[in-house]
Amino acid sequence: MDGKKLEFKGEEALKELERLTINAREVQETILNDILSRNRETEYLRKHLKGVTDISEFKSRVPVVTYKHVLPYIERISNGEDSSIISGHPIIELLRSSGTTGGEPRLMPSIAEDLDRRTYVYNLLMPIMSKHLSGLDKGKVMHLLFIKAETVLPSGIPARSVLTSYYKSDHFRCRGADPYNDLTSPTEVILCPDSHQSMYCQLLSGLIHRHSVLRLGAVFASALLRSITFLERNWHEFTNDIRTGRLNPTITDHACRAVMSHMLLSPNPTLADEIESICNNASWRGIVVRLWPKVKCIEAVLTGTMAQYIPMLEFYSGGGIPLVCTMYASSESYFGVNLNPLCHPNDVSYTLLPNMAYFEFIELENGLRCGNGEEVQKEKVVGLVDVKVGRYYEIVITTFSGLYRYRVGDVLQVTGFYNNAPQFKFIGRRNVILSIDSDKTNEEDLHKSITTVKEILEKQNYFLIEYTSYADSSSVPGHYVLFWEIKLISEKLEPGNVQCLVHPELIESCCIAIEESLDYVYRRCRTHDRSVGPLEIRLVEGGTFEALMDLLISQGSSINQYKTPRCIEQGPALGLLNSKVKGCFYSPKDPAWSA
Ligand code: AMP
């Protein structure tokens with residue numbers, strides 16, 4: 001596709017959206033025909049199609065694959081073989097995904113024109129938002145955006161995260177003035193590879209511009225909350241910088257110092273006093289609207305596993321402004337946008353954009369509970385416009401950059417159609433994450449059971465800040481372990497203080513409530529077969545999950561794309577969590593089960 005065709009802005013972008021969604025079937029066919037003709041000479045397609053470019057042959061001969069099958073090609077490209085083994089265009093970079101499956105970092109091929117596709121999606125967001133909120137061009141946007149250091153592969157091409165690639169590209173750096181996207185963060189600060197210094201400077205810039213911020217956010221809710229808690233701990237430093245007009249000496253990055261020192265230029269004790277009196281408040285409930293009084297919405301992904309952050313963000317925002325989830329995207333491809341941005345995060349559906357890639361869907365019987373196998377029955381794979389409302393599917397993509405019928409691993413549920421393009425609720429990742437015996441508990445099951453007990457905790461004034469899980473088979477029988485970090489809702493406590501205040505009965509009642517909400521097989525294993533032991537909750541000290549994030553970032557994750565792993569295995573992450581445990585609580589009785 002010619003990049004120029006994707007340069008739509010404002011009203012034009014909305015018109016293009018109408019055209020694409022009305023003609024979804026034709027657009028998809030054109031995309032696939034284009035991919036097949038442009039990539040017909042690749043080793044991959046020659047092997048399966050032997051020069052044929054027919055769509056029905058593609059569907060019958062090209063297998064539906066997982067990353068395991070793609071990996072040998074990726075390794076060859078990393079080691080310097082020509083892009084033409086999988087793509088008709090030069091692969092300019094390999095994009096490091098956040099590795100949401102079992103923590104494995106995956107590398108995805110990317111070609112130059114992919115940047116145009118991403119830009120097209122970004123250009124759509126503000127026209128959609130402006131249909132629902134007015135005046136968004138009358139102020140600034142405090143988006144906390146981060147890059148991650150990249151590595152150069154033996155072939156000479158970079159391996160980096162998709163957002164690092166985007167923020168470093170001319171598409172972002174040379175984007176020109178846009179009244180809807182006047183960022184508080186200077187580009188130099190966003191491009192600082194030290195995420196601590198970058199976060200500091202971005203928060204400081206946001207505070208300096210506090211009276212003109214209209215939108216505030218980050219890509220994923222986890223990074224936004226991480227930034228708010230950073231502010232909670234370090235606000236004295238920020239007020240000090242503003243009061244004195246001198247940047248904190250811990251900021252050593254040259255470019256950051258230059259641009260921030262210019263922004264601080266003269267001391268501003270009035271602004272420092274304002275911020276100090278707000279931050280000094282005993283409760284941080286509603287802090288966002290107090291610090292940024294003109295803010296109209298908070299933007300971050302809050303769907304899927306990010307849904308657990310909704311209460312925390314509602315707490316910090318005070319509940320009076322919308323939490324907006326704008327888009328659904330990945331390193332493999334960008335997928336879609338939310339056309340109803342002011343709806344509650346629980347009700348978000350993403351409309352898939354038919355011009356991003358060629359999409360297929362594997363029908364699943366029952367959400368995440370199915371589809372864990374590698375085998376895919378042909379008749380279960382349907383095209384974009386053939387999905388049915390209410391059903392669950394795993395998304396499969398074919399791209400210009402060299403992924404063919406690749407299973408992304410995300411499970412989606414169809415909620416409706418916009419024109420002829422389906423709209424999907426994001427359900428979760430496909431894989432089973434916990435299993436001791438014949439029980440199989442996946443991300444969605446775990447999330448649902450955790451949601452049930454959150455209410456129990458919240459009634460007692462506690463927030464569940466973060467959780468992860470571990471299938472502990474070191475004892476016999478093995479059992480599920482949940483690591484929880486919780487916090488009292490109404491007070492500001494120093495990290496580490498909260499756990500000693502918790503009544504053991506409260507956490508034990510959570511253990512049993514979780515077991516009660518897990519599926520039949522789990523409860524049978526627990527009560528009848530005795531092949532699974534009582535569920536355990538290990539409360540960890542405050543700040544543990546931030547330490548986990550730091551550890552995983554040091555191992556290659558990017559702060560922008562970071563998602564807390566919902567299950568961990570043996571290794572440094574488990575060691576870290578165990579070293580922070582303040583109390584262990586077990587299910588005091590068997591969950592209900594009947595034969
Ligand atoms: P990455 O490749 O690191 O960018 O991660 C992409 C993955 O993040 C997707 O495959 C999804 O699992 C998840 N993701 C991206 N956008 C959303 C969204 N809007 N809601 C829920 N999960 C998302």
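Counting convention: from 1, in listed order, for ligands and their atoms alike. Excluded from the calculations below are hydrogen atoms, water molecules and symmetry mates; all remaining heavy atoms, backbone and side chain alike, are included.
Cation-pi geometry between Arg175 and Phe172 is met: the NZ or CZ atom falls under 6.0 Å from the ring centre, inside 45° of the normal. At least one test fails for Arg173 against the ring of Tyr167: distance under 6.0 Å to the centre or angle within 45° of the axis.
Taking the six-membered ring for Trp, Phe424 and Phe359 have ring centres at least 6.0 Å apart. Tyr522 has its ring centre less than 6.0 Å from the ring centre of Tyr480.
The side chain of Phe220, and not its backbone, has at least one atom closer than 4.0 Å to an atom of ligand 1 (non-hydrogen atoms only; side chain from C-beta on). Contacts between Asp410 and ligand 1 below 4.0 angstrom, taking non-hydrogen atoms only, involve the side chain exclusively. Within the 4.0 Å heavy-atom criterion, the part of Phe426 lying near ligand 1 is the side chain and not the backbone.
Look at Phe335 and you'll find every heavy atom at least 4.0 Å from all atoms of ligand 1. Residue contact annotation: Lys563 has a non-hydrogen atom under 4.0 Å from ligand 1. Ligand 1 is approached by Met327 to a heavy-atom distance shorter than 4.0 Å. Ligand 1 has at least one atom lying under 4.0 Å from a heavy atom of Ala329.
Between Arg566 and Glu466 there is a salt bridge, since at least one side-chain N of the basic residue sits less than 4.0 Å from a carboxylate O of the acidic one.
Within ligand 1, the atoms closer than 4.0 Å to a non-hydrogen atom of Val301 are 17 (C), 18 (C), 19 (N), 20 (N), 21 (C), numbered from 1 in the order shown. Taking every non-hydrogen atom of Ser331 and a distance limit under 4.0 Å, the qualifying atoms of ligand 1 come out as 1 (P), 2 (O), 3 (O), 4 (O).
The shortest N/O to N/O separation between Thr303 and ligand 1 falls below 3.5 Å. Considering backbone and side-chain N/O of Ser97, none are found under 3.5 Å from N/O of ligand 1.
Side-chain atoms of Ser97 and Arg106 include a donor-acceptor pair closer than 3.5 Å.
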Stepwise ring-ring contact (aromatic ring centres under 6.0 Å, His included) test for Phe426 and Tyr350: CA-CA 8 Å; Phe426 182 92; Tyr350 298 101; 7.7 Å; no
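When each of Asn420, Val385, Leu384 is paired with Gln28, the side-chain contact (heavy atoms from CB on, under 4.5 Å) condition holds for Leu384 and for no other.
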